[in-house]
Amino acid sequence: MRDGSQAKLEIFKVKPRIVTIANSTLNFSGTCQNVARKRRKVYSVHKSHYCPRCSRGFTLKKNMTRHLRHECGMAPKYQCPYCDKLSKFTQNIYAHIRKYHPDQPLYVRRLY
């Protein structure tokens, strides 16, 4: 290479490597950027089953059947034994008792 011909040294441009650690991005240039992580929520817009009484939409027929049987036009069946909280479902009363009456035993009063 000393014979007068010049050797060309090619420099390849390398994209900076980015490392993500605990919601922040560290470039090899020494800068640190916050990365906002977003979770995409997927909601089904297509509702093919509608209640004939109240026109509420459902994606599954079994949810509409449960709604017709237990919810639509019905008065609440269950009551908290420690206060006046009413609900159409026992699981709501159980969750209420666990949250608002934690030292009391778990049971539900059925109204009718």
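The shown structure was predicted, so the numbers you read here are calculated from the model rather than taken from an experiment.
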Could you tell me the separation between the [atom1] atom of [X] and the [atom2] atom of [Y], rounded to the nearest 0.5 Å?
X      : Y      : atom1 : atom2 : answer
Cys83  : His101 : SG    : NE2   : 3.5 Å
Tyr112 : Gln79  : OH    : CD    : 12.5 Å
His70  : Thr65  : NE2   : OG1   : 10.0 Å
Leu68  : Cys54  : CG    : SG    : 7.5 Å

For this session: Please test Arg66 against Glu71 for side-chain contact (heavy atoms from CB on, under 4.5 Å), starting from the C-alpha separation and ending with a verdict.
Result: CA-CA 7 Å; Arg66 177 191 45 80; Glu71 293 179 45; 2.4 Å; yes
For this session: Take the angle between the ring planes of His67 and Phe58 and call it parallel below 30°, perpendicular above 60°, tilted in between.
Result: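 Ring orientation, 0 to 90° scale: tilted.
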Problem set entry | Side-chain donor or acceptor of Arg53 paired with backbone N/O of Cys72 under 3.5 Å | yes
For this session: Evaluate whether atom OH of Tyr100 has more than 12 neighbouring non-hydrogen atoms of other residues, nucleotides or ligands under 6.0 angstrom away.
Result: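 Counting neighbours around OH of Tyr100, 12 or fewer heavy atoms of other residues, nucleotides or ligands fall under 6.0 Å, so no.
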For this session: Under 4.5 Å between side-chain heavy atoms, chaining through other members, with only Ile, Leu, Val, Met, Phe, Trp and Tyr counted: pull out the rest of the cluster around Leu106, sorted by chain and number.
Result: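 Direct or chained contacts put Leu106 with Tyr78, Tyr82, Ile93, Tyr94, Ile97, Tyr107, Val108.
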Exercise. Are Leu86 and Phe89 linked, directly or through other ILVMFWY residues, by side chains that come within less than 4.5 angstrom of each other?
Worked result: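 Cluster IDs for Leu86 and Phe89 differ.
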Seminar exercise, completed: Applying ring pair (Phe, Tyr, Trp, His ring centres under 6.0 Å) to His49 and not counting sequence neighbours gives none
Exercise. Going through the distances and angles, do Lys88 and Lys77 end up as a side-chain contact (heavy atoms from CB on, under 4.5 Å)?
Worked result: CA-CA 5 Å; Lys88 295 177 183 179; Lys77 290 182 182 180; over 6 Å; no
